[in-house]
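Contents: one structure, followed by commentary.
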Amino acid sequence: MPELPEVETIVRKLAPAVIGRTIAGIELLYRPLVRTGRKALAGLRGRRVLGVRRRGKLLLIECQGGRTLVFHLKMTGQFLFAGETDPRDKHTRLVVRFEDGTNELRFRDVRKFGFLLCLEGEPETASRELAGLGPEPLLVGQDEFARILKARKGRIKSVLLDQRRLAGIGNIYADEMLFDARIHPERPASSLTNTSIARLHDSMNKILTAAIASSGSTLRNYRDAEGNEGRFQDSHKVYDRTGEPCVRCGTPVRMKRIGGRSSHYCPRCQPAPRRRKAPCIPCP
DNA sequence: GCCACTGTTAGCAT
DNA sequence: CATGCTAACAGTGG
């Protein structure tokens, strides 16, 4: 479940709790979690944590000596702190112990989709996963945003979800920002007017900023590193509100599968794109 | 019990 | 290259 606002929330909890601490050991409980750098992982013992940051939906833990742990939480990855003697549940995939021994950091992931890279050197250049990402939605300017959208033939929602175009937007926030900007999720990205693009840029900033301020959305199992739930689900206007009245016009919110993803929208506030007339083949 | 569904995305087909 | 499905996994809810 974690998208940009959830990963950002986790980063903010994790940073003060681990920066400056020295790693005493790492226990890998599910080997396939580590996609690259399993050997480098063992070499983290004795190194200090220098920083924690986010890129798209990835969470980066930067350590002394130019090594970086890169986590993707996919659907069900989560971090928690626990005492070293507290029982571990069966979904715990990795444990980081620290020299101060006050608590340990655990990564658990029910569905096992999450992954970890242990990189040496500049992360942005050391891995495809990072190098291929588009700009940060909260940093991209309106002009570049417009260029990204206008160059795409596909549906606007699919473009928002494409991490090579913009990094960090997932299903929930794509639906919410499209509703806010009154754009139908199936509108071809290249067909958007400058006005619509400007509105969508504003909505993207507004929704993501508000979601971060509310510590993300908890619909099923998302929790931050302290076990807290997010509160932004209370502000969802369309996501997970199928059949409920649109907050703007009262029309029931509709759910439709678009590009394999459940998509929620108001059929009245977000009118369907006009179907193009068939080209006149034997145009005389 | 069975079936449908789930917030991601890599990999493959077109 | 771009775009569109589906599988990978495990649990939950009907």
Side-chain angles (χ1 to χ4, degrees), chain A residues 1-10 29-36 54-59 70-79 89-93 107-117 127-134 137 147-179 185-191 207-208 211-212 214-224 229-243 255-265:
Chain A
M1 124 185 4
E3 307 180 29
L4 186 155
E6 289 76 29
V7 178
E8 183 64 29
T9 300
I10 294 170
L29 304 168
Y30 177 67
R31 283 177 59 94
L33 169 68
V34 181
R35 191 178 286 181
T36 58
R54 177 189 64 74
R55 176 74 175 97
K57 299 175 191 174
L58 297 171
L59 183 144
V70 180
F71 285 92
H72 196 307
L73 280 53
K74 288 287 181 102
M75 317 260 275
T76 55
Q78 51 187 226
F79 289 96
D89 90 327
K90 66 174 179 175
H91 303 301
T92 305
R93 311 297 179 199
F107 178 75
R108 66 188 293 275
D109 181 18
V110 171
R111 289 181 74 176
K112 296 178 172 175
F113 290 169
F115 65 78
L116 168 63
L117 317 171
S127 75
R128 287 176 316 184
E129 286 82 352
L130 275 140
L133 292 178
R147 276 200 302 278
I148 291 170
L149 299 192
K150 284 180 171 170
R152 302 290 135 215
K153 276 189 87 127
R155 296 166 287 205
I156 179 60
K157 174 160 178 181
S158 303
V159 178
L160 292 174
L161 292 178
D162 186 342
Q163 304 297 299
R164 293 166 309 184
R165 312 297 164 211
L166 291 164
I169 299 171
N171 207 30
I172 295 175
Y173 299 104
D175 281 1
E176 291 296 320
M177 64 183 72
L178 286 169
F179 172 79
E186 289 178 300
R187 272 282 293 280
S190 57
S191 81
I207 296 290
L208 294 177
I212 292 170
S214 297
S215 304
S217 305
T218 294
L219 292 177
R220 283 193 169 73
N221 37 34
Y222 165 73
R223 299 288 184 282
D224 72 15
E229 300 188 355
R231 299 177 308 281
F232 195 67
Q233 64 280 5
D234 299 336
S235 303
H236 290 178
K237 300 216 169 70
V238 286
Y239 194 87
D240 204 28
R241 292 193 68 243
T242 308
M255 201 265 263
K256 180 181 182 185
R257 207 154 268 283
I258 298 173
R261 315 298 305 280
S262 65
S263 301
H264 311 70
Y265 61 96

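Just so it is clear, the structure is predicted and the values come from calculations on it, not from any experiment. We name chains A, B, ... by the order of the sequence lines, and we start the count at 1 in each one.
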Discussion item. Measure CG/A:Leu117 against C1'/B:dT9 and give the value in whole Å, please.
Written reply: 14 Å

Worksheet item: Is a donor on one side and an acceptor on the other found under 3.5 Å between the side chain of A:Gln233 and the backbone of A:Thr218?
Response: yes

Discussion item. Rounded to whole Å, how long is the line connecting atom CD1 of A:Ile172 with atom C1' of B:dC5?
Written reply: 15 Å

Discussion item. Against A:Leu116, only a single residue in A:Tyr30, A:Phe107, A:Phe71 fulfils side-chain contact (heavy atoms from CB on, under 4.5 Å); can you say which?
Written reply: A:Phe71

Practice prompt. Please state how far atom CG in A:Leu130 lies from atom P in B:dA10, giving the value in whole angstrom units.
Written response: 11 Å

Response to the item:
DNA chain B in dot-bracket form (Watson-Crick or G-U pairs under 3.5 Å, [ ] crossing, | inter-strand) is .|||||.|||||||

Worksheet item: Among C:dG4, B:dT8, B:dT6, which nucleotide sits nearest the side chain of A:Ser158?
Response: C:dG4

Worksheet entry | Whole angstrom value for the distance that separates P of B:dT9 from CG of A:Asp109 | 13 Å

Item to complete: Using the P atom as the reference point in each nucleotide, state the distance between B:dT9 and C:dT12 in Å, no decimals.
Response: 23 Å

Discussion item. How close do A:Gly77 and A:Asp109 get, counting heavy atoms only, and between which atoms?
Written reply: N-OD1, 3.4 Å

Using a cutoff of under 3.5 Å, can you pull out all pairs of nitrogen or oxygen atoms linking the protein to nucleotides 12-14 of chain B, with atom names and distances?
none

Worksheet item: Between C:dA2, C:dG11, B:dT8, which nucleotide gets closest to the side-chain atoms of A:Arg152?
Response: C:dA2

Fill in: Flag, side chain of A:Arg93 to backbone of A:His91, donor-acceptor distance under 3.5 Å
yes

Worksheet item: Hey, what's the ring geometry for A:His264 with A:Tyr239, parallel, tilted or perpendicular (30° and 60° as the breaks)?
Response: tilted

Practice prompt. Evaluate the criterion side-chain contact (heavy atoms from CB on, under 4.5 Å) for residue pair A:Leu178 and A:Tyr265; output intermediate values, then yes/no.
Written response: CA-CA 8 Å; A:Leu178 286 169; A:Tyr265 61 96; over 6 Å; no

Discussion item. Between A:Asp224 (side chain only) and A:Thr9 (backbone N and O only), is there a donor and an acceptor less than 3.5 Å apart?
Written reply: no

Item to complete: Using modelled atom types only, decide if a donor and an acceptor are shared between the side chain of A:Asn171 and the backbone of A:Ser262 within a distance under 3.5 Å.
Response: yes

Practice prompt. Keeping the roles fixed (side chain from A:Arg187, backbone from A:Ser191), state whether a donor-acceptor pair exists under 3.5 Å.
Written response: yes

Response to the item:
On a heavy-atom basis, the closest approach of A:Glu6 and A:Gly216 is OE2-CA, 3.4 Å

Please list, for nucleotides 5-9 of chain C, all pairs of protein and nucleotide N/O atoms separated by less than 3.5 Å.
{"unit_1": "C:dC9", "atom_1": "O2", "unit_2": "A:Arg111", "atom_2": "NE", "d": "2.6"}
{"unit_1": "C:dC9", "atom_1": "O2", "unit_2": "A:Arg111", "atom_2": "NH2", "d": "3.3"}
{"unit_1": "C:dC9", "atom_1": "N3", "unit_2": "A:Arg111", "atom_2": "NH2", "d": "3.0"}

Practice prompt. Rounded to the nearest angstrom, tell me the gap between atom CG in A:Leu160 and atom C1' in B:dT8.
Written response: 16 Å

Discussion item. Taking A:Val238's backbone N and O only, do any of them form a donor-acceptor pair with A:Glu176's side chain (distance below 3.5 Å, no angle check)?
Written reply: yes

Worksheet item: Counting just side-chain N and O atoms, does A:Lys90 come under 4.0 Å of either OP1 or OP2 of C:dG11?
Response: yes

Practice prompt. For B:dC12 versus C:dC9, give the span between their P atoms, rounded off to a whole number of Å.
Written response: 15 Å

Item to complete: Check every strand shown and say whether A:Gln163 touches a base, only sugar-phosphate, or nothing at a heavy-atom separation below 4.0 Å.
Response: sugar-phosphate

Worksheet item: In whole angstroms, how far is the C1' atom of B:dT9 from the CG atom of A:Leu166?
Response: 16 Å

Practice prompt. Specify the separation, in whole Å, of atom CD1 of A:Ile148 and atom P of C:dA2.
Written response: 13 Å

Discussion item. Considering every strand and a 4.0 Å limit on heavy-atom distances, what is the contact class for A:Ser262: base, sugar-phosphate, or nothing?
Written reply: sugar-phosphate

Worksheet item: For B:dT8, does OP1 or OP2 lie under 4.0 Å from any side-chain N or O of A:His72?
Response: no

Practice prompt. Ignoring the backbone of A:Tyr239, work out which of B:dT6, B:dT9, C:dT3 is nearest its side chain.
Written response: B:dT6

Worksheet entry | A:Gln163 (side chain) donor-acceptor with A:Gly168 (main chain) under 3.5 angstrom | yes

Worksheet item: Taking atom C1' of B:dT8 as reference, at what distance in whole Å does atom CZ of A:Arg257 sit?
Response: 13 Å

Discussion item. For A:Arg261, is there any backbone N or O sitting under 3.5 Å from a side-chain donor or acceptor partner on A:Ser263?
Written reply: yes

Worksheet entry | Shortest side-chain distance from A:Arg35, nucleotide among B:dA10, C:dA10, B:dT8 | B:dA10

Worksheet item: Among B:dA10, B:dT6, B:dT9, which nucleotide sits nearest the side chain of A:Lys57?
Response: B:dT9

